[in-house]
Amino acid sequence: MMETKLLTEHYDKDEYIGLDGYKKHGGYEVLKKALKMDPKAIIEEVKASGLRGRGGAGFPTGVKWGFLPDNGEPRYLLCNADEGEPGTFKDRAMMERAPHQLIEGMIISAFAVKSNKSYIYVRGEYQMCIRKLEKAIREAYDGGFLGKNILGSGFDHDMDVYSGAGAYICGEETGMISSLEGKKGQPKLKPPFPAVQGYLAKPTIVNNVETLAAVGPIIRDGAAAYRKHGTEKSAGTKLFSVSGNVKKPGVYEVPLGYPLIDLINVECGGLEPGRKLKAVIPGGSSAPVLTAEEAMKATMDYECLQGMGSMLGSGAVIVIDDTNCMVDMLKVIMHFYHHESCGQCTPCREGTGWLHKIVNSIVTGEGRLQDIDLMLRVSRQMMGKTICALSDAAAMPAISFVEKFRDEFEFYVREGRSKVKGSLHA
Amino acid sequence: MPKVKVNGKEIEVKEGTLLIEAFKQAKEDIAHYCWHPGLSTAGVCRLCMVEIEGNPRLQIACNTVVTEGMSACNNSDKIKETVKWGLDFHLINHPLDCPICDQAGECGLQDQYMKFGKYTPEMSEHKVKKHKVVSLGERVVLDSERCILCSRCVRFTSEVSKTNELGIFNRGDRAEIGTFDGKPLDNNYSMNTVDICPVGALTSKDFRFRQRVWYLKNGTSICTGCSTGCNIKAYYNEEGLFRIKPEPNPDVNVYWMCDKGREIYKHINLDARLTEARSGQAGNWQVRESAECLKEAGDAIRQAVKDVGPTRVAMVLTGQHSQEEYQELVNFYLGDLACREIYHWINNPEQMEEFDGILYRGDRNPNTKGLLGILAKEKVNAPWKQLEDRLNQDSVDVLVVAGPEDPSVFPDLMEKLHLFGKAKKLLWLSSTKSEIVDQVTTPTWQIPLKTFFEKDGTFVNFQGKKQEFKRIATIVPKAMGLTDVTKVLSGRGEGASQGDKSDLDWKKTNFFVQQRGPL
């Protein structure tokens, strides 16, 4: 099998970044088509396409749009470009290589949900993305694709880029809304949901970069054509950012349902010679890890990975070979979630710190055998108990690492060093 | 009125009730820290978890509005386990310094852990270190390590006092309460943050380290600090009064009271009080029995009325005393004596109409409205100017003044006493001693009165709402109520207060107090 380049077709061309180059390859033609459609028809088309949120949760996009109340209030469209999940870098590629593709997708989406104002909330570290998006938005205004009466359709739309300050939690949609409102970036209680009461307490739709960009091809070719890619429940293509122990890490677009092992061996050129696949994290650091055996059988779609107890998440595939120690890795992951917990909900605030300290004590040789089970119990009590999913995001890797690689943890506790030859603390 | 099942009990609740309120209504235990009925829902302590029928995920009761037919429980094993662990999460970084913590005895962590806790601590790593003994303002101290970040205080300053001094800074388990730009927390409602703090993170500078709460008794009453009439709880023991806290009343003060109101206990305590009657004038005071003085005063009043006429006796009343007392006094004055010279002493005329938009009013008397009501009913409120003229013309033989309970709210005390001193004789009725009064040059009887803490009565607040209060304890045995004063003045009795013994005797208390002496 090969890559299916529905979104990334022209990513290799530098001219695609600018407006002229983008137009040369058919840019803003879909917008012209969409502006002549009935907004409701666009929502129906997106519903029919089976597009699911590409940010991690996988919620059907058209259904989400349908939650907006029809009460005549101003409503906002927010693009979530706060890509912070360790291992994820596909949105960055999209914004750097094709900013206009995102902007066009956003204008179409905004037209569909009748929003006159949108923001792209970009992760603070992505300075190049911010510069490119700002330039592209200026070009779009100059080209008449943004502002008043877009292409004579009577539809007005303004767009702005907003820079985050590097907080992972601002990638959670209500955390992002808090941050955008100028408050401390921490998630809000739900209900009310953003579609009813979001940014500035007005109805708000928050979609991931890739989701919004995918709206273009769906409207261009129709839902049926989009559905030809992928599986029945996971329609379309998806960008995967593959990192870790592969020869060619990078961003690859493949149809959903693509075998994970092909992604590793074909697209990414396989592992270094002499190394053996040990584990794969299929959907960013919060997704439960898969063992090599599981990874062999896995296909990259929502239902297969869910069936294996993991998740597709943001599509960040982290490939782990046999030179890596799972205890050391978990320590890094736990440090991340401890550092990024917003501190609102007690189980997350205290639990992330506790888990980090426990795994840290194992790595420094002060661990006790009962700590291994304690990690499992603490993690399980952190799941499903908090306002947002950060607590679960910290608990899931902890549980899966300990359950699937328990021998490495026990060895570490007993010997005070890693079991894995070639790893840092062996 | 939706019906809801709470742990199997079916109850009917008001439209819009939160599930946590339904649990409380059904008298079912439900652990919680961050939720407070007077504040918005934060939903962060995650302790009020419930299982709702038909919902696979656990929900927090404080963010769930009850709907018809809802069935929820928090007595399943799953919830019990969740609450146990939830409490453990709260405690892993808590210093557990209960023996030196002022909140001990009324601490949410202690109480709820005893009820729902896990009892098997498993945290063996180092705790997070945070700032301690941080002075947030004039009245409040913060210990960040004890703080469980429930955000009640932050929500209070943003929603009730609307002063927004407090915020949570930093993230995760490094998060701490603090003030923006180091600006102090010094609004007039800052002590409410101490009340609502479920742990010992925020403590009162005025109260901390003065008493262990389990040595305190309490009684409810009405705040005399201003005309709002906040419902209060006064905490005291044999050593005296130690603090005042608000008592919820949805019609008056909801859950709060102001910081100024909390000061009122200070003038009730023994060292501020006029403990015995005395007669004389500046530089020459004799300690006497109240009844004796009052009999003398009564005779003088009757003599003046008989010899010269009822206009020679005047009476000055403040909004400080109760309805019942004023009614007695006024009845005696108008009935027995047929005098009509009653004047209303407005202690701070410029501020009388002030209101801060929350609770505090410029009229710093608990019963102005009640007094004015009585005067209006009897049609006897004479203009103040008339009193000034008469005193200046030397035509007042006896002046009766029902003076301030708390002299600190009478900024014009000196000026007024200078005026009152022009009467030939002065009967000064007050619960507090005052150096200013001791400087009066005219022959004067000073009679010690009871404070609101020591008597029953009714105040009428600014809304016209009658609020009854009951005696809590006696501090000055020789103090009388105005009712008793009237009895003796009119010759109808001896007054009942002579036999009362003080409930507050520091000598009776423990060894350490005896060593230390009274506070």
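So you know, we letter chains A, B, ... as the sequences are listed, proteins then strands, and number each from 1.
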>> Consider side chain to side chain contact (heavy atoms under 4.5 Å, CB included). Of A:D373, A:V378, A:L374, which one does B:E122 pass it with?
In response: A:L374
> Does atom CG of A:N71 have more than 12 heavy-atom neighbours, drawn from other residues, nucleotides or ligands, at distances under 6.0 Å?
Replying inline: yes
> How many angstroms lie between atom CZ of A:R368 and atom OG of B:S124, to the nearest 0.5 angstrom?
Replying inline: 3.5 Å
>> Between B:K127 and chain A, with a heavy-atom cut-off of 4.5 Å, which part of the residue counts as in contact: side chain, backbone, both or neither?
In response: backbone
>> Please list all pairs meeting ring pair (Phe, Tyr, Trp, His ring centres under 6.0 Å) that have one or both residues in residues 57-88 of chain B, counting only residues at least two apart or in different chains.
In response: none
>> Report which part of B:I92 has an atom under 4.5 Å of a heavy atom belonging to chain A: side chain, backbone, both, or neither.
In response: side chain
> For B:T41, is it the side chain, the backbone, both or neither that has a heavy atom under 4.5 Å from a heavy atom of chain A?
Replying inline: both
> If every non-hydrogen atom of A:S341 is compared with every non-hydrogen atom of B:R171, which pair is closest and at what distance?
Replying inline: O-CB, 3.6 Å
> Looking at A:H338, A:R380, A:K190, which has the largest count of heavy-atom pairs under 4.5 Å with chain B?
Replying inline: A:H338
> When only heavy atoms count and the cut-off is under 4.5 Å, which of residues 346-358 of chain A reach chain B?
Replying inline: A:T346, A:P347, A:R349, A:E350, A:G351, A:G353, A:W354, A:K357, A:I358
>> Only heavy atoms, only distances under 4.5 angstrom. Which residues in residues 174-189 of chain A are near chain B?
In response: A:K184, A:L189
> How about residues 382-393 of chain A versus chain B: which residues have heavy atoms under 4.5 Å apart?
Replying inline: A:M382, A:G384, A:K385, A:T386, A:I387
